[in-house]
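These numbers come from a predicted model, not from an experiment. These numbers come from the heavy atoms of this one structure, side chains and all, not from hydrogens, waters or symmetry mates.
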Amino acid sequence: MNEAYQHEPVYMIMALLGTTLFIIKMLMLLLGGDTDSDLDGADLDDPAHVDGSESFTLISIQSILALFMGTGWIGLACREEWGLSQIPSFFIAVGFGFLMMLLTSFLNFKIKGLNSVPNNNVDERAIGLTGRAYTDIPKSGAGTGQIEITVHGKMQILQATTNSEEKIKAFSAVKVTRVDSSGNVTVEPI
């Protein structure tokens, strides 16, 4: 390793520093819950930022560290192991580093999507559909429950209220009578 440092100090520093910081960043993520990996300062603990609809972000701390790590290690491999000259080694190293950056950004994007709250795609066409109470639905004005219903060919669990003076017990058949703008439904027992 000492020989590689003497011959290619830039690649060695990029490889070791990038790898060390990448591992520290991953440990912080796993152990400390450090989820603020975007350089734009988005706080992912804020519910407004925990929707899978955030756009693909190429520039993050993890992706930059992956760029340095990939560039450093492949640059060293090109020069020390494969015996390539400086110019081809540089382009191969930077290209591989950029691929590592893209891969890391793509994985971060997919992981953010796991935190997303599903969007209920429910509209007035659900009125008249039948389903079943998933949980008890309290009587009118006493709270909400949930129903299980197939809407647009997709089985969904929706928040539900009733105008009935008696609670609707779980697993009872229900019919949708109203849908509000947030996708919550009002049901009546069948």
Side-chain angles (χ1 to χ4, degrees), residues 22-23 25-67 69-70 98-190:
F22 188 84
I23 290 171
K25 179 70 174 160
M26 292 305 294
L27 288 174
M28 288 172 55
L29 176 66
L30 294 173
L31 300 176
D34 176 26
T35 59
D36 189 16
S37 62
D38 292 338
L39 292 179
D40 65 1
D43 180 14
L44 295 181
D45 292 332
D46 179 4
H49 294 289
V50 186
D51 63 358
S53 66
E54 280 195 38
S55 62
F56 181 80
T57 304
L58 180 62
I59 306 296
S60 69
I61 293 171
Q62 285 177 312
S63 67
I64 291 171
L65 293 175
L67 171 76
M69 184 173 58
F98 187 71
L99 287 175
M100 292 292 290
M101 185 178 187
L102 283 174
L103 177 65
T104 302
S105 296
F106 177 74
L107 292 174
N108 279 336
F109 175 71
K110 289 298 186 182
I111 288 170
K112 285 179 190 176
L114 295 175
N115 289 331
S116 67
V117 177
N119 182 11
N120 291 334
N121 190 13
V122 180
D123 56 24
E124 289 79 28
R125 291 180 286 176
I127 295 174
L129 295 178
T130 59
R132 70 180 178 106
Y134 191 72
T135 62
D136 288 347
I137 302 171
K139 66 181 180 177
S140 180
T144 62
Q146 295 178 326
I147 65 166
E148 182 180 64
I149 190 166
T150 302
V151 181
H152 308 298
K154 179 180 170 188
M155 179 68 75
Q156 297 186 38
I157 307 263
L158 303 173
Q159 296 296 318
T161 58
T162 185
N163 291 328
S164 173
E165 292 303 318
E166 295 183 23
K167 81 174 183 178
I168 301 173
K169 294 189 181 220
F171 308 109
S172 301
V174 294
K175 180 178 180 180
V176 176
T177 59
R178 188 173 83 76
V179 178
D180 68 15
S181 60
S182 64
N184 296 333
V185 297
T186 302
V187 296
E188 64 183 26
I190 298 178

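- Counting heavy atoms from C-beta on, the side chains of Gln156 and Ile147 never come closer than 4.5 Å.
- Under the side chain to side chain donor-acceptor pair (under 3.5 Å) criterion, the residue pairs touching residues 167-176 are Asp136-Lys167, with sequence neighbours excluded.
- With sequence neighbours excluded, no residue forms a salt bridge (charged side-chain N to carboxylate O under 4.0 Å, His left out) with Asp180.
- The side-chain contact (heavy atoms from CB on, under 4.5 Å) test applied to Ile23 returns Thr19, Leu27, not counting sequence neighbours.
- Contact of the Asn108 side chain with the Ser60 side chain is registered, since non-hydrogen atoms from C-beta on lie closer than 4.5 Å.
- Listed by chain and residue number, Arg132 satisfy the side chain to side chain donor-acceptor pair (under 3.5 Å) test with Glu148 (two or more places apart in sequence, or in another chain).
- Heavy-atom minimum distance, Thr150 versus Leu129: O-CD1, 3.7 Å.
- More than 12 heavy atoms of other residues, nucleotides or ligands shown are found within 6.0 angstrom of CD on Glu188.
- Among all heavy-atom pairs drawn from Leu158 and Gly183, the shortest one is CD2-O, 4.2 Å.
- Distance check: Thr104 OG1 to Lys25 NZ gives 12.0 Å after rounding to the nearest 0.5 Å.
- Partner Val176 forms a side-chain contact (heavy atoms from CB on, under 4.5 Å) with one of Thr186, Val185, Thr130 and no other, that one being Val185.
- The line from CE of Met101 to CG of Leu103 is 12.0 Å long, rounded to the nearest 0.5 Å.
- For Thr162, the side chain to side chain donor-acceptor pair (under 3.5 Å) test picks out no residue, with sequence neighbours left out.
- Counting only residues at least two apart or in different chains, salt bridge (Lys or Arg N to Asp or Glu O under 4.0 Å) contacts with residues 100-109 are absent.
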Return a table of donor-acceptor pairs under 3.5 angstrom between the side chains of residues 137-145 and protein atoms on other chains or two or more places apart.
none

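- Closest approach of Leu67 and Phe98 over heavy atoms only: CD1-N, 3.5 Å.
- Note that the CE atom of Met26 and the CG atom of Leu65 stand 11.0 Å from one another [nearest 0.5 Å].
- In terms of heavy-atom proximity, Ala133 sits nearest to Val174 at N-CG2, 4.2 Å.
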